[in-house]
Amino acid sequence: MRQPQPEPTSAEIPDGDLVRRACAGDRGAEDDLYRRHASAIHRLVNRLLGSPQDAEDVMHDAFVQAFEKLDKLREPEAFRGWLRQIAVIRVRRVIRRRRLQRALGLLPAREDGGLERLAARTASPQVRAELAVVDRVLRQLSADERIAWTLRVVEGYKLEEVAELAGCSLATAKRRIAAAQRRMDAVVEITEETPGGGR
Amino acid sequence: MKQELRAPLGELLEDAPDEVAIERVRRRVRVTRRVPSRRRPALLAAAAVALLAAGGAIYATWGPADGPLARADGAPLARLTGPGEVHLSDGSRIALADGATVEVLDNDGARFVAAQGDGRVTYRVRPGGPRRWTIEAGAASVDVVGTVFVVERHGPQVRVAVERGRVRVRGAAVEGGLRTLEPAESVTVGEPLARAEAATDPPGDGAGGTAPASDQTADERTADERTADERTADDQTSDDQTSDERTADDQTADDRPAVVATAPAEGTPAGSSWRRLAARGEHDSAFAALGESGFVAATEGARTVDELLALADTARLSGHATLAVAPLTRIVEGFPTSPRAGVAALSLGRLQLDALDRPAEAARSLQRASELGLPASLRETALARLVEAHHRAGHAALARTYAAAYLAEYPDGRYADEIRRREAR
């Protein structure tokens, strides 16, 4: 005799199903989507921005925007990538806004945070120092270059993924990463473990 | 020697998910999703009906989520002084030991930001609320969702201990810049008061509640073991005595936050009595104890940011707004690296704009506040007031520039409609 199948737990329910349920007004499904993706989005925006405070705000805005426009998502299974795209667009806005505010004297000229702040406890002082140099260069890059380079070299995304997340063509993504890398090469040495790889 | 880094650099990082932040954002998302967007007027009516229907239940659960926190009896919150316990409208409680002060910096439906002066304060934040609580305590900023924790500050040193829930302690002096505390954990941030000062403490003083802060790192006592009531007036007196030897050089050399209880300025006729009166919220009496000439002398002789802030409060809250300008200006100009210089500049700008009707000076102070650095939760207010100051001062181009900056940063902000209306005129 065939055993009745147990109800799937929320962890087993595919994103697509949760999206469809959320579109139908199920706030519990929204909550499940949040819990499933919040950690990854938090880490991504925290690394892109280097500011926990801004990261929280971006995360909030990204999820709210995603939930409000969920019915516009044509492929519910693609929720993960779509949410990341929204978050990256918001990160770009924040970087540009902060720059404008600094230029207007609305924020202290010195930018706190960055990758050095996130360094593992086991990281050597030399590694921390190099990360601080990376932070300094990142602050001088345009928002687009900074995002593309961070997605590629810090997060390890493939070039195609970088292009998709940044909302640009592959050629543009490559150009931005190369421009950022030239600035990095002048001050810090970074080797790529898997030149064609990525996550 | 240059160290070679290997990509992806993410492997060198150790940014485990910040569960407190993730939970806090989850609540914010939930609250935002519950409130209809003003960009969707078609949904407004339906949502209003739904809100009305659910209003009673929501109120019972969350209290007045959209408005600022108030006292349980509905009175507004401003500066809290110990000893005593304040019951808030959302069920949270703040228990202040004798001499402790908490000043509310920002308070609305989404955030509650307060600055704690010296002393011991126990916060019982009702879990599940929609507001982001932040306690600014000199060298440490404490982010909270719902929890019970104690912040004990003695001059430059701050100790945070968690009894229930979790908090995140931020600050340049915090190892790694950030520390998450679980129940029964504590962290001590900042240097203790000078050991020479500790050595002058009367015997047994530490047992009374003002033990040298360096001993408190290992302190395993929970929040309930010492209530606000246990702190005696003698403790406060001892604080005064131990702080007397702090020099101005101590303050400026290492940019440590100042001590509330410091030596009276030379020539101050009322000695430290005005400070005790001010700490109790009796600002009229505090000002009377000083007199106007005594106030001026005390401002000139003040050596710490806390003393200057106390003087500014005394003037402002006793109806002598003009006199509050001097101590605030001294903080901005004399202690620009203090973590509270930005907040002092903001207070100065508000004072010049609201009480003194000097919008051009207010604009300069508010601009300076932004340059000196403000807690994130105060930046919106500072920018909105800067727009207003330039507008009232007749600086049309600057007002437009900063209005655009405000609307870009806070399109749905608290002052957005007002700024749009003003720009449209």
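Chain identifiers are assigned alphabetically (A, B, ...) following the order of the sequence lines, protein sequences preceding nucleic acid strands; residue numbering begins at 1 within each chain.
Contact count versus chain B (heavy atoms, under 4.5 Å) is highest, among A/Thr150, A/Asp57, A/Leu115, A/Val133, for A/Asp57. Top candidate by heavy-atom pairs under 4.5 Å with chain A, chosen from B/Leu383, B/Leu372, B/Val29, B/Thr401, is B/Val29. The choice from B/Ser370, B/Gly342, B/Gly10 that makes the most heavy-atom pairs within less than 4.5 Å of chain A is B/Ser370.
Note on A/Glu30 versus B/Arg26: no salt bridge recorded, every NZ/NE/NH1/NH2 to OD/OE distance being 4.0 Å or above. Under a 4.0 Å N-O distance rule, the pair B/Arg420/B/Glu423 does not qualify as a salt bridge. The existence of a salt bridge linking A/Asp32 and A/Arg35 is excluded, since no basic side-chain nitrogen approaches an acidic carboxylate oxygen closer than 4.0 Å. Salt bridge A/Arg98/A/Asp54: present, at least one basic N to carboxylate O contact under 4.0 Å. A salt bridge is defined here as a Lys NZ or Arg NE, NH1 or NH2 lying under 4.0 Å from an Asp or Glu carboxylate O, and B/Glu182 with B/Arg166 meets this definition.
B/Ile22 touches chain A through backbone and side chain together, each having a heavy atom under 4.5 Å away. Contacts of B/Arg379 with chain A are made by side-chain atoms alone, with heavy-atom separations under 4.5 Å and no backbone atom involved. No part of B/Leu374 comes within reach of chain A, as not one of its non-hydrogen atoms sits under 4.5 angstrom from that chain. Only the side chain of A/Tyr34 comes within contact range of chain B, with at least one heavy atom under 4.5 Å from a heavy atom of that chain. Only the side chain of A/Gln101 comes within contact range of chain B, with heavy atoms under 4.5 Å apart. For chain B, the nearby parts of A/His60 are the backbone and the side chain; heavy atoms of each come within less than 4.5 Å.
Residues A/Ile41 and A/Phe63 have side chains in contact (heavy-atom distance under 4.5 Å, counting atoms from C-beta outward).
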